[in-house]
Amino acid sequence: MIALSRIARVRAKHMPWLVISLVLLIIAATIAIVTLNLRRGLRNQIIQQDGMMLYAASMVPTTLTSDSNLGELERDPDIIFANLTEIVLQASEQKGVLAVQLFARDGKADGNEESLSDDELDRLRGFNTISSFKPAAVIRKKNGEMVRTPLIRALVPLRQKNQFIGAAEFILDAEKVADELQKLDRNLLKYSIRIFLLAGGIMGLSLWFAFRQLQLINRRLEERTKSLLRANHELTLAAKTSAVGAITAHLLHDLKSPLFGLQSFVSARGAADDEDWEIALSTTQRMQKMIQEIVKLLQEEKTNEQYELSIDEVLALLREKLEPECAAAGIEFVTQGSMHGSLINRDGNIILLLIANLVHNAIQAVPKGGEISVKVTDDDGNAIFDIADTGPGLPEHILSTLFTPSRSTKSGGTGLGLAISKQLANHIGAELTLKTTSKSGTIFQLRVPERMLNSELVAP
């Protein structure tokens with residue numbers, strides 16, 4: 001699942017750039033296709049210009065046909081050929097004509113075996129000019145030297161009284177045409193790049209902005225999903241620990257009287273020099289004190305009695321309560337740090353109970369000669385309590401369910417201590433986390449937000 005989640009995150013990260021690249025590729029391909037079609041049409045128009053001019057020149061009446069007294073001579077083949085020749089010679093006087101050749105009505109050349117193709121002949125009979133451009137045709141100069149030069153081959157239909165009478169082939173110098181074609185290619189390339197940059201830039205920025213907004217929305221959804229999961233976990237934990245709390249309150253009420261009787265019995269039977277009875281008396285007194293503290297806390301929850309506890313007073317109460325217990329176990333207990341601010345009694349007493357519970361857990365894990373410390377620091381107005389010990393650290397297999405009610409790893413334990421501590425912290429709006437654990441010790445951190453400090457008392 002972790003690998004699949006990682007792959008999904010990588011795909012989500014690269015997907016916007018893949019889509020933008022694909023869109024830009026489509027835009028580039030579209031511009032290229034349009035530009036190539038436009039180039040083909042414009043090049044054809046430029047190449048056909050000379051052919052159209054020669055065709056216009058071939059429509060000028062000759063001196064032979066301008067005489068209306070020829071009569072039957074107009075149909076004489078020699079007269080027709082002479083007229084055809086005169087037309088071609090007049091057209092060949094156009095600037096740039098290098099060579100000319102005549103073709104008869106059947107498409108065969110005069111004086112050689114060369115002939116027009118069937119397609120060319122059909123187009124010429126429809127009185128259409130045909131021009132083709134050769135960018136590097138080989139020609140022979142008068143001195144016999146062979147050179148390469150751009151040429152245009154123009155086939156022009158010849159007509160007389162709307163009748164196709166033959167065709168003329170003109171070989172034209174195409175240096176100017178070649179320059180125009182190169183200029184056309186440069187302009188088309190320049191404008192294509194500008195259009196691509198403009199259209200691609202607008203589309204790319206629009207898509208990037210859209211994907212950016214989607215990523216922000218997805219991130220917010222992920223955060224809300226995590227918050228809902230945390231809230232669901234807290235609700236589940238609260239449901240479990242609230243039941244435990246109700247049972248605990250009932251047990252405390254029922255144990256109060258029997259425990260007082262047990263304390264009186266041990267106190268009356270014990271001897272001053274009997275160590276076992278001294279331990280039993282000390283244990284019953286501690287249990288009685290713990291019950292009194294919890295009962296007091298429960299009573300404050302139900303009443304409007306309010307007073308303030310400063311952070312320094314909280315540390316002093318911790319020392320007063322825990323130093324004797326740690327000393328009895330051969331462990332040094334210290335408090336460190338100081339900060340301004342105070343808590344209302346309800347929150348302060350819960351924090352005392354919470355930290356005391358963590359210290360009691362640490363006492364069972366830390367060997368004699370070890371140390372347990374409670375350090376308070378000011379973090380931008382928030383009170384940070386670090387509860388550290390020099391024990392062997394927590395087992396790795398319990399870390400995933402550390403604050404969940406589960407089976408205890410200690411003999412006689414219930415597995416509820418840390419779960420209840422976590423729920424108490426959540427109850428007052430604080431946050432309890434495991435900061436670090438290793439073979440050299442464990443540190444729990446209790447974060448008390450600034451809004452809980454210096455709170456004004458509410459009048460009853």
Side-chain angles (χ1 to χ4, degrees), residues 226-227 229-245 248 290 293-294 297-298 301 309 311 314-315 317-318 321-322 333 335-337 339 341 343-366 372-391 393-396 398-406 408-410 413-438 441-453 455:
K226 291 179 180 178
S227 298
L229 290 174
R230 284 196 300 268
N232 184 56
H233 177 73
E234 296 296 339
L235 287 173
T236 303
L237 183 61
K240 292 180 179 179
T241 53
S242 61
V244 174
T248 302
M290 289 174 60
E293 290 176 352
I294 296 175
L297 183 60
L298 293 174
E301 285 282 336
L309 282 174
I311 300 297
V314 170
L315 294 178
L317 289 172
L318 285 172
K321 178 179 181 180
L322 299 173
F333 178 79
T335 59
Q336 301 173 353
M339 69 172 291
L343 298 160
I344 60 174
N345 59 312
R346 168 183 171 274
D347 295 338
N349 287 328
I350 289 178
I351 290 174
L352 282 170
L353 182 61
L354 192 159
I355 295 177
N357 184 36
L358 295 175
V359 173
H360 287 150
N361 285 345
I363 290 174
Q364 300 178 43
V366 177
I372 299 175
S373 65
V374 177
K375 180 181 179 181
V376 64
T377 54
D378 187 345
D379 181 21
D380 292 332
N382 303 308
I384 307 298
F385 291 89
D386 285 337
I387 301 92
D389 64 58
T390 57
L394 297 172
E396 186 175 354
I398 71 167
L399 296 181
S400 59
T401 58
L402 189 62
F403 296 109
T404 304
S406 58
S408 176
T409 58
K410 296 175 292 186
T414 63
L416 298 174
L418 289 177
I420 293 175
S421 297
K422 178 73 170 178
Q423 189 59 31
L424 287 173
N426 294 340
H427 180 66
I428 62 175
E431 182 182 7
L432 177 64
T433 58
L434 174 65
K435 185 176 181 180
T436 181
T437 184
S438 65
T442 300
I443 302 177
F444 284 93
Q445 186 174 88
L446 177 65
R447 184 181 186 88
V448 180
E450 183 181 7
R451 57 182 171 77
M452 292 178 58
L453 304 175
S455 300

**Q** In Å and rounded to the nearest 0.5 Å, what is the CG to OG1 distance from L434 to T436?
**A**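 Rounded to the nearest 0.5 Å, the CG-OG1 separation comes to 7.0 Å.
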
**Q** Output the distance between atom CG (L354) and atom NZ (K422), rounded to the nearest 0.5 Å.
**A**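 Atom-to-atom, L354:CG and K422:NZ are 10.0 Å apart.
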
**Q** Assess the residue pair L399 and T437 against the criterion (side chain to side chain contact (heavy atoms under 4.5 Å, CB included)); give the C-alpha distance rounded to whole Å, side-chain angles, the decisive distance to 0.1 Å, and a yes or no.
**A** CA-CA 10 Å; L399 296 181; T437 184; 4.2 Å; yes

**Q** Could you tell me if the side chain of L322 sits less than 4.5 Å from the side chain of H360, heavy atoms only?
**A**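 A side-chain contact exists here, since the closest heavy-atom pair is under 4.5 Å.
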
**Q** Supply the atom-to-atom distance I355 CD1 to I387 CD1, rounded to the nearest 0.5 angstrom.
**A**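 Rounded to the nearest 0.5 Å, the CD1-CD1 separation comes out at 5.0 Å.
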
**Q** Would you check if the side chain of T335 reaches a backbone N or O of L315 as a donor-acceptor pair within less than 3.5 Å?
**A**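 Looks like no, no N/O pair under 3.5 Å.
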
**Q** Where do G391 and V366 come nearest, in terms of heavy atoms and distance?
**A**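 Scanning both residues, the minimum pair turns out to be N-CG2, 3.8 Å.
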
**Q** State whether the side chain of N382 and the backbone N or O of D379 hold a donor-acceptor pair below 3.5 Å, judged by distance alone.
**A**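 Present.
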
**Q** Is any side-chain heavy atom of F444 less than 4.5 Å from a side-chain heavy atom of L402?
**A**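 When only atoms from C-beta onward are counted, L402 and F444 do touch, with a gap below 4.5 Å.
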
**Q** Quick check: do V359 and L318 have side-chain heavy atoms less than 4.5 Å from each other?
**A**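 A side-chain contact is absent here, since even the closest heavy-atom pair is not under 4.5 Å.
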
**Q** Looking only at non-hydrogen atoms, find the nearest pair between A356 and K321 and report the distance.
**A**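 So the two residues come closest at CB-NZ, 3.7 Å.
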
**Q** Answer yes or no: is there a side-chain heavy-atom contact under 4.5 Å between V374 and F333?
**A**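 A side-chain contact exists here, since the closest heavy-atom pair is under 4.5 Å.
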
**Q** Run the side chain to side chain contact (heavy atoms under 4.5 Å, CB included) test on M452 and L343 for me, step by step, so that the C-alpha distance in whole Å, both residues' side-chain angles and the decisive distance to 0.1 Å come before the verdict.
**A** CA-CA 7 Å; M452 292 178 58; L343 298 160; 4.3 Å; yes

**Q** Side chains of L453 and I311, heavy atoms from C-beta outward: is any pair under 4.5 Å?
**A**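 Yes, close enough: below the 4.5 Å cut-off.
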
**Q** Roughly how far, to the nearest 0.5 Å, is the CD1 atom of I363 from the CD1 atom of I372?
**A**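 CD1 of I363 is found 5.0 Å from CD1 of I372.
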
**Q** To the nearest 0.5 angstrom, please state how far the CG atom of L358 sits from the CD1 atom of I443.
**A**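 That separation rounds to 12.5 Å.
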
**Q** Do you know which two heavy atoms are closest between N357 and S421, and how far apart they sit?
**A**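 Smallest interatomic distance, heavy atoms only, reads ND2-OG, 2.5 Å.
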
**Q** Are D380 and E450 packed together at the side-chain level, in the sense that at least one heavy-atom pair is separated by less than 4.5 angstrom?
**A**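 They are not in side-chain contact.
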
**Q** Can you find a heavy atom in the side chain of L309 that is under 4.5 Å from one in the side chain of I351?
**A**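 No; the side chains remain at least 4.5 Å from each other.
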
**Q** How far does CD1 of I384 sit from CG of D378, to the nearest 0.5 angstrom?
**A**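 Going from the CD1 atom of I384 to the CG atom of D378 covers 8.5 Å.
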
